[in-house]
2 protein chains.
Amino acid sequence: MAQQGDGVRRAPLSRERVLRAGVALADEVGIAAVSMRRLAQELGVVPMALYKHVANKDELLDGMVDVVIGEFEPPDPDLDWKAAVRRRVLSARRAVLRHPWARQAIESRTRRTPAVLGYMDAVAGTFRAGGFSADLTHHVMHALGNRIWGFSPELFDEPRGAESPAPSPEEQQAREAEFAQRYPHVLEIAVAATQGDLSGVGGGCDEQFEFEFALDLLLDGVDRLREQGWTSRAARSAVAPG
Amino acid sequence: MAQQGDGVRRAPLSRERVLRAGVALADEVGIAAVSMRRLAQELGVVPMALYKHVANKDELLDGMVDVVIGEFEPPDPDLDWKAAVRRRVLSARRAVLRHPWARQAIESRTRRTPAVLGYMDAVAGTFRAGGFSADLTHHVMHALGNRIWGFSPELFDEPRGAESPAPSPEEQQAREAEFAQRYPHVLEIAVAATQGDLSGVGGGCDEQFEFEFALDLLLDGVDRLREQGWTSRAARSAVAPG
DNA sequence: ACCTGAACACCGTTCAAGT
DNA sequence: ACCTGAACACCGTTCAAGT
């Protein structure tokens with residue numbers, strides 16, 4: 001039964017629809033709760049039916065990342081290389097922030113799909129057009145690392161959703177005193193980051209500022225190398241001549 | 001039966017032993033194959049027994065990362081800040097390379113254990129001792145990101161273990177031609193990276209060189225900021241005055 | 001009081017039996 | 001030829017029943 005009974009979900013399955021449903025489900029319940037079975041249920045379909053559109057769960061996740069990449073906006077082609085890279089990466093960032101699971105999915109995927117390669121090619125092409133050698137472009141891409149996807153790793157804890165039942169004020173104070181003694185420098189930079197508001201260590205720092213700080217540091221750094229005609233051959237032989 | 005029958009595994013369980021066994025198992029079979037049940041079996045113990053030493057699987061993984069952090073070697077205290085950070089990070093890199101699963105485990109963990117905080121405190125302390133303000137130190141740590149753990153993200157495919165049955169030479173050539181047309185810049189930088197040896201795109205690049213390139217780029221960049229007396233307040237008001 | 005086997009509520013994926 | 005229910009070989013974790 002329920003074969004043609006409920007009549008609500010009649011749109012035929014397709015890879016596109018499976019992937020979009022995967023993205024929507026991950027947006028709603030988090031990536032950890034996305035399973036083949038749960039996704040099938042969401043689509044009103046038997047789990048096995050998904051296997052006609054994706055080979056396995058890995059391919060599903062790859063495809064979901066591709067959907068996010070599809071949301072990246074290409075920058076105005078008239079921009080100079082630095083502005084173009086900035087815009088492209090900040091557009092990627094907006095997409096990744098819209099899909100909180102995407103960061104972890106991108107980090108754990110190793111498969112390079114056409115969408116992934118296409119994006120990397122566009123970024124590399126921007127550097128090449130800006131006068132970077134293929135050699136330097138390669139190293140620059142490595143230096144940017146996952147920042148080309150618009151995110152940098154979480155250094156500190158994610159803000160916690162009150163999992164422990166709120167310690168008493170005096171216990172809280174004792175804990176902070178111990179923290180200050182054991183990790184004085186971490187405390188210090190957390191204070192510097194939040195101008196004194198310590199609601200959860202590391203909780204209140206301006207991630208967007210950090211991202212752009214690091215991005216510009218890297219772009220300015222490689223710009224300088226480009227101007228100097230840096231090559232990896234010269235860099236290697238400077239360390240180990242011969 | 002087997003309660004006292006086999007006599008081989010009699011060392012009493014402890015958190016230490018559980019974590020070390022977890023590390024050894026992950027080294028052997030990969031992190032994906034590490035399950036509570038499998039680990040218990042490896043220790044000659046019923047799965048439930050592990051729960052006396054770790055609260056759950058998340059805590060097991062956190063503990064395993066802590067074991068790896070325990071292998072980091074603190075640098076000679078007489079080194080200047082840049083050399084000290086370099087040594088520390090490169091020591092972390094050696095440990096992470098010894099445990100290939102550690103990279104992914106560190107990326108996916110969000111819990112900040114005492115071991116994690118202790119290491120971050122040491123790195124932050126090195127910058128502070130080198131004349132960096134707490135403010136700049138904070139931004140520098142963010143810019144380094146996961147590179148303080150000794151790894152940078154994989155940009156290209158991991159070398160694949162012949163999963164497809166080796167295409168025919170002409171098919172291989174057709175595939176390469178299509179790749180060259182669709183992703184010319186990716187191809188170009190792959191060629192530049194490997195000096196023409198393209199056994200698997202992106203396969204043969206010198207990751208250690210890339211890592212040190214990016215590390216030095218960042219350290220030199222922040223050194224310049226330190227000399228200039230950079231502050232985030234000034235940087236912010238340069239963008240949006242007032 | 002301690003320990004643990006069985007059970008619960010899931011997984012991804014295969015495959016044989018049905019139409 | 002197509003489709004799919006049941007099954008396989010797993011998970012992490014709970015809990016009640018046993019000693």
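Keep in mind that the numbers below use all heavy atoms, side chains included, and drop hydrogens, waters and symmetry copies. Letters A, B, ... are given to chains in the order of the sequence lines, protein chains preceding strands, and every chain is numbered from 1.
- Comparing D:dC15, C:dC11, C:dA7 by their nearest atom to the side chain of B:Met48 picks out D:dC15.
- If you check D:dT4, D:dG12, C:dT13 against the side chain of A:Pro47, the one that comes closest is C:dT13.
- The side-chain tip of A:Arg93 points at the ring of A:Phe211 from less than 6.0 angstrom away and within 45° of straight on.
- Within the 4.0 angstrom heavy-atom criterion, only backbone atoms of the sugar-phosphate kind lie near B:Met36; the bases stay farther away.
- Atom pair A:Lys57:NZ and D:dC11:C1' shows a separation of 12 Å (rounding to whole Å applied).
- By the 4.5 Å heavy-atom criterion applied to side chains, B:Pro74 and B:Arg87 are not counted as neighbours.
- The P atoms of C:dA9 and D:dA9 are separated by 23 Å, rounded to the nearest whole Å.
- Classified by interplanar angle (parallel below 30°, tilted 30° to 60°, perpendicular above 60°), the ring pair B:Phe72/B:Trp149 is tilted.
- Between B:Asp58 atom CG and D:dC11 atom P the separation is 17 Å, expressed in whole Å.
- Counting heavy atoms of neighbouring residues, nucleotides and ligands inside a 6.0 Å radius, atom CD of B:Gln173 does not exceed 12 of them.
- With both pairing distances under 3.5 Å, D:dA1 is matched to C:dT19 as a Watson-Crick or G-U wobble pair.
- Look at CG on B:Leu39: it is 16 Å from P on D:dC10, rounded to the nearest Å.
- If you check D:dT14 for Watson-Crick or wobble pairing at under 3.5 angstrom, you find it paired to C:dA6.
- The shortest distance between the side-chain N/O atoms of B:Lys52 and the OP1/OP2 oxygens of C:dT4 is not below 4.0 Å.
- At whole-Å resolution of the value, NE2 in A:His53 and C1' in D:dC3 are 13 Å apart.
- Between C:dG18 and D:dC8, the distance separating the two P atoms is 16 Å to the nearest Å.
- Whole-Å rounding puts the B:Gln41 CD to D:dC11 P distance at 9 Å.
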